[in-house]
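Reading through the structure tokens given below for one structure.
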There are 2 protein chains.
Amino acid sequence: MERAVRELWAESRDLLGLHSPEAVPRADLPPTPLAFLRDHVSPGRPLLVSAAATRHWPAASLWPTESYLTDALRSTDVSVHLTPDGRADALAPHPCLPGARCFASAHVRRVDFPTAVRLIRGSDRAAAGGLVAYAQQQDDCLRGEYAAVAGDVDAHVPWASEALGCLPEAVNLWIGNSCSVTSFHKDHYDNVYAVLSGEKHFLLLPPTEHHRLYVRDYPAARYVTENEGEEELTGLKLEMEEPERIVPWSSVDPNPSSPEEMAAQVSSFPLYFEGPRPIRCTVRAGEVLYLPSMWFHHVSQSPGPNGLTIAVNYWYDMQFDIKYAYFNFLRSLEISNSPLDNKDAALEGDLEEKND
Amino acid sequence: MERAVRELWAESRDLLGLHSPEAVPRADLPPTPLAFLRDHVSPGRPLLVSAAATRHWPAASLWPTESYLTDALRSTDVSVHLTPDGRADALAPHPCLPGARCFASAHVRRVDFPTAVRLIRGSDRAAAGGLVAYAQQQDDCLRGEYAAVAGDVDAHVPWASEALGCLPEAVNLWIGNSCSVTSFHKDHYDNVYAVLSGEKHFLLLPPTEHHRLYVRDYPAARYVTENEGEEELTGLKLEMEEPERIVPWSSVDPNPSSPEEMAAQVSSFPLYFEGPRPIRCTVRAGEVLYLPSMWFHHVSQSPGPNGLTIAVNYWYDMQFDIKYAYFNFLRSLEISNSPLDNKDAALEGDLEEKND
């Protein structure tokens, strides 16, 4: 079984033409709907489109500036996600059970947009009681909270909408900086992700590599302010949700903060750390990444000259088809957690060789 | 594992909308390339298009007549596949090892087309030393042997070619009658299958149901005439190929010829006979079936008023993508051959209930 699963990893990367860890196909121009559907959506293959994709958006020139958004949204209240370490929707030490982990959600607060930007720019995950702010709300917020600037980008992505036969289910805005990181997860959406300021750094694993993520059940917790109800934002502490809520989440942190933590991760999650390297893809300002549904992604970011990383993503309803049935089947199989043996190392070697 | 595989069968039929055994989606008009790609090729879902698909083909009115083809091809030599029982490329009793089976290929003979039609019409699998003829050659024969009438049909299927981004790799002509049956197999092609005279009766299983076909290795054999070299066609006998050639083939005969043979099949291949019923699809003269790559199909036929079943199929190169990797993974897993237990019967019951 283990051997068969590892062959699946190798073959799916091979067939998708993803031999090297930096092999996401690039296009200078947006694809036609047919080519997009045939060569990317249907096979489940990511695509990075150059800045030609967004050159006609007013946002492409306006949003990277210092003050356009704060002016346009001066009196608009938006949701900021606050954490002590920039890891919202991620695993954290359980507040009550030493050695255990929980799934931690951010403390969400509504503030006026200029305050949100001030909090983001002042984010500091190193400080004791540090506060990291990330303006994001995955609830179609561009067309909700940010409606005043929604017209600065296309309402949908024409080549994707025509290919997929529908309009986006949600369009989300993300404003943060390098302090915020999104942990490994997958979405039940086809995702078209446009960066407008700064860069987003994706680590990608195809759905066939499910077992490498060690998705396990964690109890949900939420950050709350030390002095709930007060206006001033002081330290954040984790509180377990009541009633208990269980969230299946990836156990893997690909970039542990210390050598000790790295050693612990490698020993606990060998399928991730000793398997084929995740596919890396940096999306620069103006570029657009198509991320197929069900692909695992981990996202970190670098700010642009305005100190912010700004992105808009379009979520399109995915097709639940035979690929999804196969994925569920794969997920239902248990495989052992033993490190790769020599044979499998050779298999990985084969993959690497094709990089040239 | 067995349970997981059976859930895969149920979920893939469910997600493809194939709840009932006669549920192949029908379209009155040919689909647009985008809709075809999105709703059928990408998810791997068959499609039956009404006779509107071929109404403009001269073949639609000419080929079902009594004499058009024999006139047009009077002096053309074509390949006929000859067997004693209409089962070419199918399992047959091993000629030397009692109780064993082999993979039997037809005796192929080049004759002028009017002789081929005479042989087909005179096919008799009941007679001792019977001879069943099937004019077919899966080598792009419409554009080869039958080039003189190839212009009577479209050179390719425009909506399929545009969707798939290529022209057909092969276009094949099939002329037979009810004496010929094609055993369960799959093709590494996307298949667009047009019937021009009579009807084709397909039994279909999605690729996820691989294990139900009991694909096993059989030694290849070939029918030869009792008196090789003579012009007169007398009885056929099976001869094992030399050097030995092994062909992996489905062990299942869905329509055994006797109650005893049925009992033997049911007991040997319970996953087929006790699992969800195969999907049935009859393609009538003028209609076109899209059969996704890797789908298992078994084909029998009924002749039109001219005594012949005539069909043309277009083979398009398939995409070897993540679906194919998943299929190979599934195929690499061994599952037990035990009959379905009660739990699984309940699962099948769920499927059936949705038929209403």
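Order of the sequence lines sets the chain letters (A, B, ...), proteins ahead of strands, with each chain counted from 1.
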Original post:
Do you know the tightest heavy-atom contact between B:Arg38 and A:Glu162?
Top reply: NH2-O, 2.9 Å
**OP:** May I ask you to name which of A:Ala35, A:Ala163, A:Gly17 has the most heavy-atom pairs under 4.5 Å with chain B?
**Re:** A:Ala163
**OP:** Tell me, for B:Leu16 versus chain A, whether the close heavy atoms (under 4.5 Å) come from the side chain, the backbone, both or neither.
**Re:** side chain
Original post:
Do the ring planes of B:Phe329 and A:Phe329 sit parallel (below 30°), tilted (30 to 60°) or perpendicular (above 60°)?
Top reply: tilted
Original post:
Would B:Leu15 and A:Gln319 count as a side-chain contact (heavy atoms from CB on, under 4.5 Å) if you check the C-alpha gap in whole Å, the side-chain angles of each, and the deciding distance to 0.1 Å?
Top reply: CA-CA 9 Å; B:Leu15 292 175; A:Gln319 273 226 28; over 6 Å; no
Subject >> Heavy atoms of other groups near B:Asp28 CG, more than 12 under 6.0 Å >> reply: no
Original post:
So which heavy atom on B:Lys323 is nearest to which on A:Tyr326, and how close?
Top reply: O-CE1, 4.1 Å
Original post:
Closest heavy-atom contact between A:Ser42 and B:Asp321?
Top reply: O-OD2, 3.9 Å
**OP:** Any pair with a residue in residues 325-334 of chain B that passes salt bridge (Lys or Arg N to Asp or Glu O under 4.0 Å), sequence neighbours left out, goes on the list, sorted by first then second residue, please.
**Re:** none
Original post:
Which members of residues 205-215 of chain A, sorted by number, sit under 4.5 angstrom from chain B on a heavy-atom basis?
Top reply: A:Pro207, A:Thr208
Subject >> Contact origin within B:Ile322 toward chain A - heavy atom pairs under 4.5 Å >> reply: both
Original post:
Where does A:Leu34 contact chain B at under 4.5 Å (heavy atoms): side chain, backbone, both or neither?
Top reply: both
Original post:
Measuring heavy-atom distances to chain B, does A:Ser332 have an atom under 4.5 Å in its side chain, in its backbone, in both, or in neither?
Top reply: side chain
Original post:
Can you tell which of A:Leu37, A:Val41, A:Asn328 has the highest number of heavy-atom pairs within less than 4.5 Å of chain B?
Top reply: A:Leu37
